[in-house]
**Q** 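This is the structure, below, for whatever I ask next.
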2 protein chains.
Amino acid sequence: MATEPPAETTEEPGSGCTDDLAFDVFARDCPSRDALKHVTDRWGSLTLDALLDETFRFNELRRRVEGVSEKMLAQTLHALERDGLVHREAQQTNPPRVDYALTPLGDQVARQLRMLIDLVEDRMPQVLQARERYDARHAAR
Amino acid sequence: MATEPPAETTEEPGSGCTDDLAFDVFARDCPSRDALKHVTDRWGSLTLDALLDETFRFNELRRRVEGVSEKMLAQTLHALERDGLVHREAQQTNPPRVDYALTPLGDQVARQLRMLIDLVEDRMPQVLQARERYDARHAAR
């Protein structure tokens with residue numbers, strides 16, 4: 001009866017990625033695809049971007065990220081904490097309070113994300129013009 | 001009976017955004033939030049990143065973006081075309097073929113997105129270590 005081998009460390013990309021030497025978001029089972037999703041999905045991206053400026057308590061963050069439900073924000077924070085991007089700090093106060101902040105890794109990722117958000121916000125006049133042209137073209141058919 | 005006023009141009013952010021002078025993804029109804037979503041959602045981000053390297057036909061793109069369904073890829077391409085990021089070029093050949101390519105605006109956005117993807121892929125060893133620590137901590141409870 002062979003004993004279970006020790007769990008492999010997951011620091012190498014492994015078989016889910018296109019090759020064993022590099023993480024690749026194009027590969028369906030590569031864990032980088034999930035990590036990118038946590039960073040870029042609707043609530044993950046806004047949460048990271050909000051935390052780039054300051055530390056927030058849960059309800060403060062919920063107000064900042066307009067429209068997020070309590071459940072979705074909790075899920076988002078768990079995923080970002082598990083990926084090592086957000087740090088959850090329970091303060092020993094009465095009543096207890098919990099602060100959320102970026103880790104150094106989260107700060108790096110959030111800074112890169114902020115550049116993308118800035119670009120999209122900056123180019124919105126072009127995007128809206130494109131939408132008008134597209135809709136006019138398709139309404140005319 | 002007053003006639004309808006002409007439709008307002010949508011080049012100004014308008015009331016959906018936090019103020020009338022700037023687009024703001026944190027505002028629930030600001031159109032920049034949707035545009036960011038199209039750029040960063042699971043299939044939008046991979047589609048833009050794939051097109052950064054080359055022009056693709058629909059089925060080529062579907063193979064490149066592993067796991068995307070025909071329906072989701074079609075929806076993704078429509079949204080990106082409507083936002084002015086992807087150009088759809090129907091070739092006058094027999095049989096007809098359709099190529100998808102980035103517009104100059106799409107190229108700018110995709111380049112910024114690529115930097116974020118590169119960073120996430122590069123930091124995956126740290127992310128996986130964080131996941132292991134998180135899971136061990138929570139399994140121990």
Side-chain angles (χ1 to χ4, degrees), chain A residues 7 9-13 17 22-33 35-42 44-46 49-50 64-67 78 81-85 103 105 108-109 112-113 115-135 138, chain B residues 9-13 17-18 22-33 35-42 44-46 49-50 64-67 78 81-85 103 105 108-109 112-113 115-135 138:
Chain A
T9 172
T10 52
E11 287 175 44
E12 290 299 316
C17 307
F23 292 96
D24 177 8
V25 293
F26 283 101
R28 189 199 304 241
D29 298 323
C30 186
S32 63
R33 195 181 264 198
L36 180 67
K37 181 170 180 296
H38 297 156
V39 167
T40 57
D41 74 10
R42 182 174 288 246
S45 58
L46 296 177
D49 197 49
R64 176 75 180 115
V65 181
E66 264 186 34
H78 274 140
E81 187 192 355
R82 182 167 179 263
D83 285 357
L85 305 176
T103 63
L105 179 61
Q108 288 176 351
V109 171
Q112 195 66 58
L113 178 68
M115 285 192 269
L116 179 65
I117 292 175
D118 282 348
L119 179 66
V120 170
E121 288 179 346
D122 185 62
R123 297 302 191 274
M124 280 308 294
Q126 285 174 257
V127 169
L128 295 180
Q129 282 173 5
R131 286 184 187 175
E132 285 188 359
R133 282 195 304 270
Y134 182 96
D135 292 346
H138 286 73
Chain B
T9 172
T10 53
E11 286 175 47
E12 289 299 318
C17 306
T18 303
F23 292 96
D24 177 7
V25 293
F26 282 100
R28 191 199 302 243
D29 298 323
C30 185
S32 63
R33 196 181 262 200
L36 181 67
K37 182 171 181 296
H38 297 154
V39 167
T40 57
D41 74 11
R42 183 175 288 246
S45 58
L46 296 178
D49 197 49
R64 177 75 180 117
V65 181
E66 266 185 31
H78 274 140
E81 187 192 352
R82 181 168 180 262
D83 285 356
L85 303 176
T103 63
L105 178 62
Q108 289 177 350
V109 171
Q112 195 67 59
L113 178 68
M115 285 191 271
L116 179 64
I117 292 175
D118 282 347
L119 179 65
V120 170
E121 288 178 344
D122 185 61
R123 296 302 190 274
M124 279 309 293
Q126 284 174 258
V127 170
L128 294 181
Q129 283 174 5
R131 286 184 188 174
E132 284 188 0
R133 281 196 303 270
Y134 182 96
D135 292 346
H138 286 73

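To find a chain, count down the sequence lines: A is the first, B the second, and so on, and within it residues start at 1. Bear in mind that the values here come from a model prediction, so they are computed numbers and not experimental data.
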**Q** List for me each residue that meets side chain to side chain donor-acceptor pair (under 3.5 Å) alongside B/Arg82, sequence neighbours excluded, and say none if there are none.
**A** A/Asp135
**Q** Output the distance between atom CG (B/Asp83) and atom CD (A/Gln126), rounded to the nearest 0.5 Å.
**A**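 Reported to 0.5 Å precision, the distance equals 12.0 Å.
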**Q** Per the side-chain contact (heavy atoms from CB on, under 4.5 Å) rule, which among A/Leu116, A/Asp118, A/Leu113 passes with B/Gln112?
**A**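 Among A/Leu116, A/Asp118, A/Leu113, the one meeting side-chain contact (heavy atoms from CB on, under 4.5 Å) with B/Gln112 is A/Leu116.
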**Q** Quick check for you: among A/Ser45, A/Gly84, A/Ala35, which has the greatest number of heavy-atom pairs under 4.5 Å with chain B?
**A**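 Top option by heavy-atom pairs under 4.5 Å: A/Ala35.
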**Q** Answer with side chain, backbone, both or neither: which region of B/Arg28 has an atom nearer than 4.5 Å to a non-hydrogen atom of chain A?
**A**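 Contact with chain A: backbone and side chain both.
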**Q** Between B/Val120 and chain A, which part of the residue has a heavy atom less than 4.5 Å away: side chain, backbone, both or neither?
**A** side chain
**Q** Counting only heavy atoms closer than 4.5 Å, note whether B/Arg133 contacts chain A via side chain, backbone, both or neither.
**A**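 Neither; nothing under 4.5 Å.
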**Q** Shorter than 4.5 Å, heavy atoms on both sides: which option in B/Lys37, B/Met115, B/Arg42, B/Arg64 has the most such pairs with chain A?
**A** B/Arg64
**Q** Roughly how far apart are B/Glu66 CD and A/Asp29 CG, rounded to 0.5 Å?
**A** 7.5 Å
**Q** Please round to the nearest 0.5 Å and tell me the distance separating atom CZ of B/Arg123 and atom CD of A/Gln108.
**A**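 Between B/Arg123 CZ and A/Gln108 CD, I get 4.5 Å after rounding to 0.5 Å.
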**Q** I need the A/Leu128 CG to B/Ser32 OG distance, nearest 0.5 Å.
**A**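 Going from CG on A/Leu128 over to OG on B/Ser32, the span is 9.0 Å.
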**Q** Taking every non-hydrogen pair under 4.5 Å, which of B/Leu105, B/Val65, B/Ile117 racks up the most with chain A?
**A**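 Option with the greatest count: B/Leu105.
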**Q** Looking at CG of B/Asp41 and CG of A/Asp41, how far apart are the two atoms once the value is rounded to the nearest 0.5 Å?
**A** 9.5 Å
**Q** Taking all heavy atoms of A/Phe23 and all of B/Pro125, pick out the closest pair and write down the distance.
**A**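 Of all heavy-atom pairs spanning A/Phe23 and B/Pro125, the closest is CE1-CD, 3.7 Å.
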**Q** Distance from B/Met124 atom CE to A/Asp24 atom CG, nearest 0.5 Å?
**A**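 If we round to the nearest 0.5 Å, B/Met124:CE and A/Asp24:CG are 11.5 Å apart.
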**Q** Between B/Leu119 and chain A, which part of the residue has a heavy atom less than 4.5 Å away: side chain, backbone, both or neither?
**A** side chain
